[in-house]
Amino acid sequence: MGSDRYHGFKVSSDIDGTTSTFVYHGGKSEMEALAAEHRIDEAGESGWLRSIRVYQHDGADWECELKYEAPEEWTSISKPERKWGRRNCQLRGAMLSRPLESHPGYRTCWNHRLCAAPGVSTRPAWYESATDTAIPAADADRYCWCRTFAEPPHDDSGAWRVLAEAVKPGVESYDLAAYSVVETARFRSASAAGRMVGDVLNRIGTPANTFGITGGSWKCDDAEVSWNGSCWIARLSWTRSGDDAGWDADLYE
């Protein structure tokens, strides 16, 4: 529990579960330091920490009381550890901006105009199903794709005209929901916290817990070291790739 001056223990049970109270004895500064090592709702061996109390016992003697509550099913719950340097994780949602062309249902007509040579007035059969800008050889002198902002071409036969405007003009990307894991750990010094976050930013890796999510790969998109008043906190944010192919190792390794 962080102090060698163990003073007492009390446990009580009712229909809702078990309450365990640990009391430590020592000087005021020692008890305040012990209290600072914990936080409300952290998980311990005896349940969730529900209260922290530091009080004067007798003269220069002080006590720190930690009260834990455990539901009846506590022994079957997988709990995070609260040790120095131990990485704990939270799962969140994140949004990735992806090129429109990478959408699984992408069609060229979404963000391209279809242009036609003089005298051509009908759309080809492949207009709505095309997924790239390649034109079939038989139609190469009759049609072409232009970006939404491009002017129709002009050749010896005259000016081509826009046969069909882009279905989604100006749209070049779309939002894709992805998983994000925030990984944190407590350290006694800034340098120790810095070693956890060093040389991982914008690199492919794996957080300590992926919550059973498989496929793709993870990339570290944010890193932080901060002082919370009692210890140094290192924090890493990992984002899962937008597809099972994973992040491009040529770009991020």
Side-chain angles (χ1 to χ4, degrees), residues 1-2 36-50 66 68-71 73-106 131 171-253:
M1 285 290 182
E37 292 182 3
H38 298 273
R39 58 180 174 80
I40 298 299
D41 286 339
E42 75 179 24
E45 294 180 359
S46 301
W48 302 105
L49 182 58
R50 297 309 189 196
L66 306 176
Y68 293 83
E69 293 180 0
E73 68 276 12
W74 179 255
T75 55
S76 64
I77 298 176
S78 176
K79 314 166 192 68
E81 295 189 48
R82 185 67 176 167
K83 297 179 180 179
W84 292 105
R86 178 72 66 178
R87 302 189 184 198
N88 291 308
C89 298
Q90 290 180 302
L91 181 67
R92 298 177 178 176
M95 299 300 292
L96 298 176
S97 180
R98 302 274 290 172
L100 193 62
E101 287 81 358
S102 68
H103 193 283
Y106 174 74
T131 58
V171 179
E172 298 299 330
S173 64
Y174 72 101
D175 291 336
L176 178 67
Y179 290 107
S180 174
V181 169
V182 178
E183 187 177 35
T184 59
R186 302 181 310 142
F187 293 92
R188 299 180 188 274
S189 69
S191 59
R195 285 193 291 273
M196 171 176 157
V197 305
D199 201 31
V200 295
L201 193 59
N202 206 37
R203 292 180 178 271
I204 298 171
T206 306
N209 189 347
T210 59
F211 298 89
I213 297 170
T214 60
S217 61
W218 300 82
K219 180 166 69 70
C220 183
D221 289 331
D222 192 24
E224 177 185 332
V225 172
S226 61
W227 171 256
N228 73 350
S230 61
C231 62
W232 291 94
I233 302 295
R235 181 178 290 104
L236 295 172
S237 293
W238 299 87
T239 305
R240 183 185 177 275
S241 56
D243 54 40
D244 287 341
W247 294 101
D248 190 335
D250 291 335
L251 303 178
Y252 300 113
E253 279 293 286

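Remember, it's a predicted structure, so these values are computed and weren't measured experimentally.
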Non-hydrogen side-chain atoms of Val181 and Asn209 separated by less than 4.5 Å:
no
Considering only NZ, NE, NH1 and NH2 on the basic side and carboxylate oxygens on the acidic side, decide whether Arg98 and Asp175 come within less than 4.0 Å.
no
Distance alone, cut at 3.5 Å: any donor-acceptor contact between the side chains of Ser230 and Asn228?
yes
Testing the basics here: between Gly47 and Ala70, what is the closest heavy-atom pair and its distance to 0.1 Å?
CA-CB, 3.9 Å
Show, in sequence, the C-alpha distance, side-chain angles and deciding distance for Val197 and Glu224, and conclude whether the side chain to side chain contact (heavy atoms under 4.5 Å, CB included) test is met.
CA-CA 7 Å; Val197 305; Glu224 177 185 332; over 6 Å; no
In short, Leu100 meets Val171 closest at the heavy-atom pair CD2-O, 3.2 Å
Walk me through whether Trp227 and Ile233 qualify under side chain to side chain contact (heavy atoms under 4.5 Å, CB included).
CA-CA 6 Å; Trp227 171 256; Ile233 302 295; over 6 Å; no
Working to the nearest 0.5 Å, report the span between OG of Ser46 and CG of Leu66.
10.5 Å
Taking all non-hydrogen atoms of both residues, which atom of Leu176 and which atom of Gly242 are closest, and how far apart?
CD2-O, 3.3 Å
Is there a side-chain contact between Ser173 and Pro99 (heavy atoms, below 4.5 Å)?
no
Taking the side chain as every heavy atom from C-beta outward, state whether Met196 and Leu236 have any pair of such atoms under 4.5 Å apart.
yes
Leu91/Thr210 under side chain to side chain contact (heavy atoms under 4.5 Å, CB included): CA gap, chis, key distance, verdict
CA-CA 8 Å; Leu91 181 67; Thr210 59; over 6 Å; no
So which atom in Ala193 and which in Phe187 form the shortest heavy-atom distance, rounded to 0.1 Å?
CA-CD1, 3.6 Å
Do Asp221 and Lys219 sit within salt-bridge range, that is, some charged N less than 4.0 Å from a carboxylate O?
yes
Between Cys89 and Phe211, is the side chain to side chain contact (heavy atoms under 4.5 Å, CB included) condition met? List the steps.
CA-CA 9 Å; Cys89 298; Phe211 298 89; 3.8 Å; yes
Quick check for you: to the nearest 0.5 Å, what is the distance between Thr239 atom OG1 and Asp222 atom CG?
9.0 Å
Are the side chains of Tyr106 and Glu101 in touch, meaning some heavy atoms are under 4.5 Å apart?
yes
Consider only side-chain N and O atoms of Thr184 and Asn88, and report whether a donor and an acceptor are under 3.5 Å apart.
no
Report yes or no: does Arg186 contribute a side-chain atom to a donor-acceptor pair with the main-chain N or O of Arg87 at less than 3.5 Å?
no
Of all heavy-atom pairs between Ala94 and Ser180, which one has the smallest distance, and what is that distance?
CB-CB, 3.8 Å
Taking the side chain as C-beta and beyond, is there a heavy-atom pair between Tyr179 and Trp238 under 4.5 Å?
no
Got a donor-acceptor contact below 3.5 angstrom from the Trp218 side chain to the Trp247 backbone?
no
CD1 on Ile204 to OG on Ser217, rounded to 0.5 Å
5.0 Å
For Val225 against Trp232, the heavy-atom pair lying closest together
CG1-CE3, 3.9 Å
Between Val182 and Arg235, is any pair of side-chain heavy atoms under 4.5 Å apart?
yes
May I have all residue pairs that pass side chain to side chain donor-acceptor pair (under 3.5 Å) and include part of residues 187-198, sequence neighbours excluded?
Ser189-Ser191
Do the non-hydrogen side-chain atoms of Arg50 and Ile40 ever get within less than 4.5 Å of each other?
no
Got Leu49 and Glu69 here, is their nearest side-chain heavy-atom distance under 4.5 Å?
no
